[in-house]
Colleague: 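Take this structure, written in structure tokens, and hold onto it; I'll ask about it next.
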Protein chains: 2
Amino acid sequence: MSRVTQKSIATKLGLSPSLVSRALAGRAGDIGVLPETIARIEQTARDMGYVPSAAATQLKGTGDPVLGIAAADMEDPFFGNVLAEIIRCSHEHHYALTLTGFERRNVDQRDVDVLLKQDLAALIVVGSGPMGWIEPVIRRHIPIIRIGSGPAPDAVAQYEPDEEQGFRELLEHLSTLGHRRAGFIGADLDVHRNRQSMVSRILENDRNGFRLDRIVLAHASGIEAGREGARRMMDDGDVPGAVICSSDAVAFGVMKTFAEAGLDVPGRVSVTGFDDLPMAGVYSPALTTLRQPINDMARVAVEMAGKLRTFRTRVRMPVKLMVRESTGPAPKEA
Amino acid sequence: MSRVTQKSIATKLGLSPSLVSRALAGRAGDIGVLPETIARIEQTARDMGYVPSAAATQLKGTGDPVLGIAAADMEDPFFGNVLAEIIRCSHEHHYALTLTGFERRNVDQRDVDVLLKQDLAALIVVGSGPMGWIEPVIRRHIPIIRIGSGPAPDAVAQYEPDEEQGFRELLEHLSTLGHRRAGFIGADLDVHRNRQSMVSRILENDRNGFRLDRIVLAHASGIEAGREGARRMMDDGDVPGAVICSSDAVAFGVMKTFAEAGLDVPGRVSVTGFDDLPMAGVYSPALTTLRQPINDMARVAVEMAGKLRTFRTRVRMPVKLMVRESTGPAPKEA
DNA sequence: TTGAAAGCGTTACCAG
DNA sequence: CTGGTAACGCTTTCAA
């Protein structure tokens with residue numbers, strides 16, 4: 001019951017392995033092999049359940065190109081959606097997929113080797129964690145595409161949401177509603193800190209005097225970060241009329257905690273998110289948020305994987321403001 | 001800039017490839033190679049950035065075992081979480097991972113071949129879709145582990161939530177609250193239909209006269225199924241005091257739609273889910289639901305992958321009733 | 001203490 | 001029209 005190989009087919013038919021190879025590769029008609037022979041070979045291959053060995057074709061250099069996926073941020077609800085789209089696209093493009101994950105732990109040489117062992121056609125990094133470990137991959141001139149934001153070496157082609165554009169629209173929306181003062185709640189992560197300083201920077205030149213003066217970065221992450229942040233804001237007795245959250249998950253935690261404390265959203269305080277998870281539209285109140293073009297980013301990433309040759313790119317993909325129920329007019333007395 | 005191989009190291013050092021192989025495999029001290037030579041080899045290997053070729057070791061039969069992951073249900077929010085845990089565990093157990101996805105489309109021979117090409121140590125199927133395509137994998141005596149519910153061939157080791165136990169507890173909870181009549185909302189999928197008939201079956205012998213008499217299976221799926229189901233129930237003007245949903249996602253859609261129509265949850269109608277997604281605890285009202293032991297299922301799946309030899313198993317993992325805010329006493333006039 | 005050679009499954013070139 | 005042979009990168013047995 002061992003593996004069915006071209007050799008075993010050849011032996012059974014009393015032919016040579018090379019002939020079998022050519023027939024099965026469709027490279028036989030070109031040369032002038034008897035159609036009858038070809039048919040016989042194909043038939044027995046089917047009968048015996050022949051499937052070519054990935055290891056062998058890989059070695060030979062004729063196998064399907066392999067796409068490496070490095071999951072850098074599996075906790076993010078985001079992750080599942082991105083991965084799903086990557087799988088779909090890779091299927092269309094006939095890529096084989098290998099997968100590794102890093103999470104928050106230190107990435108050591110062994111983790112990277114798992115990827116390097118394969119002859120990667122390209123590497124897609126999903127998530128916004130630190131990129132220090134990528135160096136050896138760059139040295140091998142493997143095209144690297146990253147879906148996520150944050151600093152990355154030049155050799156990395158990065159597809160990220162255009163956070164600046166998004167936050168500009170968001171702030172204008174709040175401004176129009178009469179808000180002049182907002183708070184910010186996020187987790188103590190690079191991505192979130194960056195979003196916060198992005199918002200601060202935009203507001204620096206604001207002529208209407210809109211300012212961001214309550215900033216809380218929680219130790220927890222995701223929903224819990226939201227709960228912690230909201231609690232800390234309330235403890236200080238200083239909850240501004242609008243709270244900008246660094247992700248939808250954080251916003252959900254914030255809204256829940258406010259609700260438990262009897263703070264009405266959006267009556268007393270407006271809350272915004274970032275991501276537009278499927279849940280955002282269905283929460284009560286439905287969350288006003290910025291939609292990350294997840295599917296678009298995943299799709300271009302896979303498409304680029306084929307075309308790329310270690311070129312620097314940094315594409316900001318448009319982010320869309322989704323105005324829903326969690327934002328409303330600024331409360332009278334701020 | 002081509003690949004660094006043992007041969008290239010050997011050439012550089014004026015040694016033979018076999019010696020390099022032994023040194024790098026740690027099989028050199030045993031035989032009596034000069035420690036000095038070993039050190040030299042190891043050093044240059046590091047310098048040149050040597051990483052063994054997965055294809056070659058695979059061919060030789062000495063490579064890391066490969067675990068195949070078939071994602072059968074990528075839409076499920078569930079999917080990301082399961083995958084994250086699988087990645088974590090595989091890392092510990094030194095598995096290489098290959099990934100394919102099916103979704104709802106028909107699975108053809110080519111899809112299965114992608115998996116069969118690799119010399120899979122085992123295959124983990126994530127999701128509850130149809131298993132018709134698995135036959136050729138079984139014939140190759142590859143251990144198959146499935147995380148998800150629904151019918152599967154004998155050769156598949158299945159880890160699934162103990163739905164019966166869970167729903168029994170859930171129904172008792174509702175019964176205690178005074179409910180005697182419930183509705184059911186799900187998507188038109190096997191998993192959901194099964195959950196519905198499970199609930200109906202349990203209720204058949206109920207001495208308190210608890211019955212399930214409004215069943216809606218929506219064409220949409222996930223959140224949208226919930227919205228559609230709730231709408232249909234309201235259109236019929238017959239919303240029972242409790243609505244059991246076949247998943248958390250469905251429940252969220254249901255609650256939102258009820259909220260929009262002014263139906264108070266849990267005052268007018270109690271709503272329950274299944275999954276216990278991170279969001280469940282933070283929705284308003286927080287969702288009473290059944291917790292799937294996602295991490296446990298993923299972990300045992302990976303652990304079994306090593307030990308299994310095509311044995312039939314069907315393990316029901318305990319499900320935990322999470323009582324929160326979305327269920328309350330039955331309304332006066334039902 | 002080290003090297004040569006065969007073989008894992010495929011493919012491609014060169015003979016026949 | 002078809003077969004032999006070498007090579008991809010690595011391990012292992014046997015010989016030196």
Side-chain angles (χ1 to χ4, degrees), chain A residues 2-42 45 48-66 96 113 116-121 140, chain B residues 2-42 45 48-66 96 113 116-121 140:
Chain A
S2 65
R3 196 180 178 88
V4 178
T5 71
Q6 295 188 347
K7 188 152 87 167
S8 60
I9 297 177
T11 319
K12 182 159 196 175
L13 258 48
L15 295 170
S16 75
S18 20
L19 227 199
V20 174
S21 173
R22 279 173 298 199
L24 261 26
R27 227 173 307 265
D30 311 356
I31 324 252
V33 180
L34 283 182
E36 174 194 312
T37 315
I38 299 181
R40 258 194 332 145
I41 294 178
E42 285 175 340
M48 299 177 71
Y50 169 77
V51 176
S53 147
T57 52
Q58 219 56 48
L59 232 203
K60 243 301 167 182
T62 55
D64 273 354
V66 179
D113 285 357
L116 261 21
K117 268 176 159 147
Q118 315 279 342
D119 251 325
L120 293 188
R140 277 186 176 63
Chain B
S2 66
R3 196 180 177 90
V4 177
T5 71
Q6 296 187 347
K7 188 152 86 167
S8 60
I9 296 176
T11 320
K12 181 158 196 176
L13 259 47
L15 295 171
S16 75
S18 22
L19 192 45
V20 174
S21 172
R22 280 173 295 200
L24 261 25
R27 227 173 306 267
D30 311 355
I31 324 253
V33 180
L34 283 181
E36 173 195 315
T37 316
I38 299 183
R40 260 196 329 148
I41 295 179
E42 285 176 340
M48 300 176 71
Y50 170 76
V51 176
S53 146
T57 51
Q58 219 55 47
L59 234 201
K60 242 302 168 182
T62 55
D64 272 354
V66 179
D113 285 357
L116 261 21
K117 270 178 160 140
Q118 315 278 341
D119 251 325
L120 292 188
R140 278 188 175 64

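In what follows, chains carry the letters A, B, and so on, assigned in the order in which the sequence lines appear, proteins first and then strands, with residues in each chain numbered from 1.
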Colleague: Would you say B/Ile9 and B/Thr5 make side-chain contact, with heavy atoms under 4.5 Å?
Modeller: no
Colleague: With a 4.0 Å cut-off on heavy atoms, is A/Ser53 in touch with a base, just the backbone sugar-phosphate, or nothing at all?
Modeller: sugar-phosphate
Colleague: Report the distance from atom CZ of A/Arg22 to atom P of C/dC13, rounded to the nearest whole Å.
Modeller: 11 Å
Colleague: Toward the 5' end of DNA chain C, which comes first, B/Ser18 or A/Gln6, by nearest nucleotide?
Modeller: B/Ser18
Colleague: Let me know the distance between CG of A/Asp119 and P of D/dG9, rounded to the nearest Å.
Modeller: 9 Å
Colleague: Does C/dT10 have its OP1 or OP2 closer than 4.0 Å to a side-chain nitrogen or oxygen of A/Thr62?
Modeller: no
Colleague: Does the side chain of B/Lys117 come within less than 4.5 Å of A/Asp64's, by heavy atoms?
Modeller: yes
Colleague: For a 4.5 angstrom cut-off between non-hydrogen side-chain atoms, does A/Arg3 reach B/Arg140?
Modeller: no
Colleague: Kindly indicate whether the side chain of A/Lys60 and the base of C/dT10 share any N or O donor-acceptor pair separated by less than 3.5 Å?
Modeller: no
Colleague: Of B/Ala56 and B/Pro17, whose closest DNA chain C nucleotide lies nearer the 5' terminus?
Modeller: B/Pro17
Colleague: Measuring from the side chain of A/Leu59 (C-beta onward, heavy atoms only), which nucleotide among D/dC14, D/dG3, C/dG9 has the closest atom?
Modeller: C/dG9
Colleague: Using whole Å, what does the distance between atom P of nucleotide C/dT11 and atom CD1 of A/Ile9 come to?
Modeller: 11 Å
Colleague: B/Leu19 CG to D/dT11 P: how many Å, rounded?
Modeller: 13 Å
Colleague: If you define the side chain from C-beta out and look only at heavy atoms, does anything of A/Val4 sit under 4.5 Å from A/Val51?
Modeller: no
Colleague: B/Val4 or A/Gly14: which one's nearest nucleotide on DNA chain D is closer to the 5' end?
Modeller: A/Gly14
Colleague: Starting at atom CD of A/Gln118, determine the distance to atom P of D/dC10, rounded to an integer number of angstrom.
Modeller: 13 Å
Colleague: Among D/dG3, C/dC8, D/dT12, find the nucleotide with the atom closest to the side chain of A/Lys7.
Modeller: C/dC8
Colleague: Find the distance B/Leu15:CG to D/dA16:P and express it as a whole number of Å.
Modeller: 20 Å
Colleague: Using whole Å, report how far CG of B/Leu24 lies from C1' of D/dT12.
Modeller: 15 Å
Colleague: Could you tell me if the side chain of B/Gln58 sits less than 4.5 Å from the side chain of B/Val66, heavy atoms only?
Modeller: yes
Colleague: Hey, does B/Thr57 reach any base, or is it just sugar-phosphate, or nothing, if we go heavy atoms under 4.0 Å?
Modeller: sugar-phosphate
Colleague: Kindly say if B/Thr5 contacts the phosphate of D/dG9, meaning a side-chain N or O under 4.0 Å from OP1 or OP2.
Modeller: no
Colleague: Counting the atoms with a prime plus P, OP1 and OP2 as sugar-phosphate, which does B/Ser21 contact under 4.0 Å by heavy atoms, base, sugar-phosphate, or nothing?
Modeller: base
